[in-house]
Amino acid sequence: AQKVTQAQTEISVVEKEDVTLDCVYETRDTTYYLFWYKQPPSGELVFLIRRNSFDEQNEISGRYSWNFQKSTSSFNFTITASQVVDSAVYFCALKRSGTGGFKTIFGAGTRLFVKA
Amino acid sequence: EAQVTQNPRYLITVTGKKLTVTCSQNMNHEYMSWYRQDPGLGLRQIYYSMNVEVTDKGDVPEGYKVSRKEKRNFPLILESPSPNQTSLYFCASSFELAGGYEQYFGPGTRLTVT
């Protein structure tokens, strides 16, 4: 079965704190794609990053970084020096490949509150 | 401007009255999907399309229909809506770029079925 688990329902931090959002996935596919999306209070969904299963390089983009570990089936997202504008719901997603077509499974999301 | 549009943005309807939510993208993307978002459940895929006339079920297809007659349009049809279809609906489009399939989402349609 394909599954994405975001165990943290809500996280609250104070501005400038670092915060890590966890994502654990399950899949039997050997090739798959992982994503993070952001949904700010305005409601739109914004793509942040993707990772292919054959590329375990971690990535840093400004204050954002992502740690992909196939050994633990995790794709965690860290925000360094958080800001109020980071307050949003963050979704981790898994897209199948091959016979899975374009099936995509999202986690339940983690709501992040960053207080000034 | 590259975008995915959905109409209507808000809809209140009654049980059993057929409705269609339209979705259109201007990016010439092959892939399109419909999702519903419910509290505590994240986004769940209803249907997806990999190209014109190619559609397949997602995880929660019951009670919904789709069609893809043109590349840019992917309407979602509720032939007999029920209150459990009250939700926030998102359409998305995607293409393969360097091995990735990131999705671009429409603004959402909030549907209430009474």
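Below, chains carry the letters A, B, ... as their sequence lines are ordered, and counting in each starts from 1. Treat the numbers as computed from the prediction; the structure is a model and nothing was measured.
Counting heavy-atom neighbours within 6.0 Å of A:K70 NZ, excluding the residue itself, gives a total above 12. Within 6.0 Å of the CD atom in A:Q57, the count of heavy atoms belonging to other residues, nucleotides or ligands does not exceed 12. Atom CG of B:L41 is surrounded by more than 12 heavy atoms from other residues, nucleotides or ligands within 6.0 Å.
If you measure heavy-atom distances from B:Y47 to chain A, you find no contacts under 4.5 Å at all. There is no contact between A:Q6 and chain B, counting heavy-atom distances below 4.5 Å. Of the atoms belonging to B:L43, heavy atoms from both backbone and side chain fall under 4.5 Å from chain A. Neither the backbone nor the side chain of B:Y104 comes within contact range of chain A; no heavy atoms are under 4.5 Å apart.
Scanning both residues, A:R50 and B:Y101, for their nearest heavy atoms gives CD-N, 4.0 Å. The two residues B:G40 and A:A108 have their closest heavy-atom pair at O-CB, 3.5 Å. Taking all atoms of both residues into account, the shortest heavy-atom contact from B:K57 to A:K103 is O-CE, 3.3 Å. In this structure, A:F102 and B:S33 approach most closely via the heavy-atom pair CD2-OG, 3.5 Å.
To the nearest 0.5 Å, the span separating OH on A:Y37 from CD on B:Q103 amounts to 4.5 Å. Interatomic distance, OG of B:S94 versus CZ of A:F47, reported as 9.0 Å (0.5 Å rounding).
The shortest side-chain heavy-atom distance between B:F90 and A:Q39 falls under the 4.5 Å cut-off.
Hydrophobic clustering, with ILVMFWY side chains joined whenever heavy atoms are under 4.5 angstrom apart, groups B:L19 together with B:Y64. Taking hydrophobic clusters as Ile, Leu, Val, Met, Phe, Trp and Tyr residues chained together by side-chain heavy-atom distances below 4.5 Å, A:V114 shares a cluster with A:W36.
Between chain A and the options B:Q37, B:R44, B:E102, heavy-atom pairs under 4.5 Å are most frequent for B:E102.
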